[in-house]
Asker: 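Before anything else, here's the structure in question.
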Amino acid sequence: DAGVTQSPTHLIKTRGQQVTLRCSPKSGHDTVSWYQQALGQGPQFIFQYYEEEERQRGNFPDRFSGHQFPNYSSELNVNALLLGDSALYLCASSPRGVPDTQYFGPGTRLTVL
Amino acid sequence: EDKVVQSPLSLVVHEGDTVTLNCSYEVTNFRSLLWYKQEKKAPTFLFMLTSSGIEKKSGRLSSILDKKELFSILNITATQTGDSAVYLCAGGTSYGKLTFGQGTILTVHP
């Protein structure tokens, strides 16, 4: 049973560029949440997708947007990258009916130069 | 604003020691308290607690939740070098948003 997968593993971008990160949930899971984890900090909630819609959003600017596809996979898009966007981006999936039971993927390390 | 605070922030012990990690929370629409272990990248799920006073155990690890005092602890007995990691605590809402603490860095020396 494959767990949560994310791509790419690492990414280097320059300020002002745009980036797309991808996530495939665990088999049988239909809800995907995205988190940003800065070095030495706990993950911070960006948003959650369920039934192809954004269900909840944390305190992140509109530069952060997402999408969920009919197969439950998800993308995180960040526009106009800032140096402060450098972080580990984690995706978590959860089964139907228990959105707080979250299993995490290995993350994408984004470096903005 | 939701808040989760973990203590201590770091801990150094020797193999065989017992450790207790603390987590206090203030989360609106609270439903669950979750513990994760993070070694390199992916936080690994350890426990999810929703009821007060009921201890959950998995091998040498155990955890309990106090919903009156808004507090949880994670105990690790007979620590091993493989227990070295960052331990994250998170408060979960019924809608699925997790608010994480800063984490406790545990280092276990041989």
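We name chains A, B, ... by the order of the sequence lines, and we start the count at 1 in each one.
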Asker: Heavy-atom count around A/Glu75 CD within 6.0 Å, excluding the residue itself: above 12?
Answerer: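 Enclosed.
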Asker: Let me check something: do B/Val86 and B/Trp35 share a hydrophobic cluster, defined by ILVMFWY side-chain heavy atoms less than 4.5 Å apart, either directly or through other members?
Answerer: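 No, B/Val86 and B/Trp35 fall in different hydrophobic clusters.
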Asker: Please identify, among A/Pro106, A/Pro43, A/Gly42, A/Gly107, the residue contributing the most non-hydrogen atom pairs under 4.5 Å to chain B.
Answerer: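 Of the candidates given, the most pairs with chain B belong to A/Pro43.
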Asker: Measure distances from A/Gln37 to the heavy atoms of chain B and classify the residue's part below 4.5 Å as side chain, backbone, both or neither.
Answerer: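 Answer is side chain: those atoms of A/Gln37 sit under 4.5 Å from chain B.
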Asker: Heavy-atom distance under 4.5 Å to chain A: side chain of B/Gln6, backbone, both or neither?
Answerer: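 Contact with chain A: none, neither part.
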Asker: Kindly say whether the aromatic ring centers of A/Tyr35 and B/Phe100 come within a distance under 6.0 Å.
Answerer: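 Ring centroids of A/Tyr35 and B/Phe100 are less than 6.0 Å from each other.
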Asker: B/Phe45 versus chain A, heavy atoms under 4.5 Å apart: side chain, backbone, both or neither?
Answerer: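 Answer is side chain: those atoms of B/Phe45 sit under 4.5 Å from chain A.
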Asker: Are more than 12 heavy atoms, taken from residues, nucleotides or ligands other than A/Arg15, located less than 6.0 Å from that residue's CZ atom?
Answerer: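 Atom CZ in A/Arg15 is not packed in, count stays at 12 or less.
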Asker: Give a yes or no on this: more than 12 heavy atoms of other residues, nucleotides or ligands lie within 6.0 Å of atom CG of A/Asn59.
Answerer: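 Counting neighbours around CG of A/Asn59, 12 or fewer heavy atoms of other residues, nucleotides or ligands fall under 6.0 Å, so no.
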Asker: Is A/Gln56 in contact with chain B via its backbone, its side chain, both, or neither, using a 4.5 Å heavy-atom distance?
Answerer: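 The answer is the side chain of A/Gln56.
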Asker: Can you tell me which portion of A/Thr108 sits under 4.5 Å from chain B's heavy atoms? Options are side chain, backbone, both or neither.
Answerer: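 Nothing of A/Thr108, per the 4.5 Å heavy-atom cut-off to chain B.
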Asker: Please determine, among B/Met48, B/Lys40, B/Lys97, the option with the most heavy-atom pairs under 4.5 Å with chain A.
Answerer: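 Heavy-atom pair counts peak at B/Lys97.
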Asker: Under a 4.5 Å heavy-atom cut-off, does chain A meet the side chain of B/Leu98, its backbone, both or neither?
Answerer: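 Contact with chain A involves both backbone and side-chain atoms of B/Leu98.
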Asker: In the structure I gave you, are the side-chain heavy atoms of B/Lys41 and A/Thr9 within less than 4.5 Å of one another anywhere?
Answerer: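 When only atoms from C-beta onward are counted, A/Thr9 and B/Lys41 do touch, with a gap below 4.5 Å.
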Asker: State whether the number of non-hydrogen atoms from other residues, nucleotides or ligands found under 6.0 Å of A/Leu113 atom CG is greater than 12.
Answerer: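 For A/Leu113, atom CG is crowded (more than 12 foreign heavy atoms under 6.0 Å).
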Asker: Could you state whether B/Phe47 and B/Leu70 fall into the same hydrophobic cluster, counting links through intermediate Ile, Leu, Val, Met, Phe, Trp or Tyr residues with side-chain heavy atoms under 4.5 angstrom apart?
Answerer: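 Yes; tracing contacts between hydrophobic side chains, which count when under 4.5 Å, links both residues.
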Asker: Is the number of heavy atoms from other residues, nucleotides or ligands under 6.0 Å of A/Phe69 CZ greater than 12?
Answerer: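 Yes.
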Asker: Does B/Glu26 CD have over 12 foreign heavy atoms under 6.0 Å away?
Answerer: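 Check fails, neighbour count at 12 or below.
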Asker: Which region of B/Thr44, side chain (C-beta onward) or backbone (N, CA, C, O), has a non-hydrogen atom less than 4.5 Å from a non-hydrogen atom of chain A, or is it both or neither?
Answerer: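 Neither part, no heavy atoms under 4.5 Å.
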Asker: Does one hydrophobic cluster hold both B/Leu74 and B/Leu49, with members joined at side-chain heavy-atom distances below 4.5 Å?
Answerer: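 Hydrophobic grouping puts B/Leu74 with B/Leu49.
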Asker: Please tell me whether A/Phe104 and A/Val32 are part of a single hydrophobic cluster in this structure, the criterion being side-chain heavy atoms less than 4.5 Å apart.
Answerer: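 Unlinked, A/Phe104 and A/Val32 end up in two clusters.
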Asker: Taking every heavy-atom pair that is under 4.5 Å apart, which of B/Cys89, B/Pro43, B/Ser32 has the most such pairs with chain A?
Answerer: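 Heavy-atom pair counts peak at B/Pro43.
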Asker: Taking a hydrophobic cluster as the set of Ile, Leu, Val, Met, Phe, Trp and Tyr residues connected by side-chain heavy atoms closer than 4.5 Å, whether directly or through intermediates, do B/Leu61 and B/Ile64 fall within one such cluster?
Answerer: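 No, B/Leu61 and B/Ile64 fall in different hydrophobic clusters.
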Asker: Can you tell me how far the OG1 atom of B/Thr93 sits from the CD atom of A/Gln48, to the nearest 0.5 Å?
Answerer: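 These two atoms lie 7.5 Å from each other.
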Asker: Do any of residues 77-103 of chain A come closer than 4.5 Å to chain B, heavy atom to heavy atom, and if so which ones, in number order?
Answerer: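 The residues closer than 4.5 Å to chain B, in numerical order, are A/Leu88, A/Leu90, A/Val98, A/Pro99, A/Asp100, A/Thr101, A/Gln102, A/Tyr103.
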Asker: State whether the number of non-hydrogen atoms from other residues, nucleotides or ligands found under 6.0 Å of B/Leu46 atom CG is greater than 12.
Answerer: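 Check passes, neighbour count above 12.
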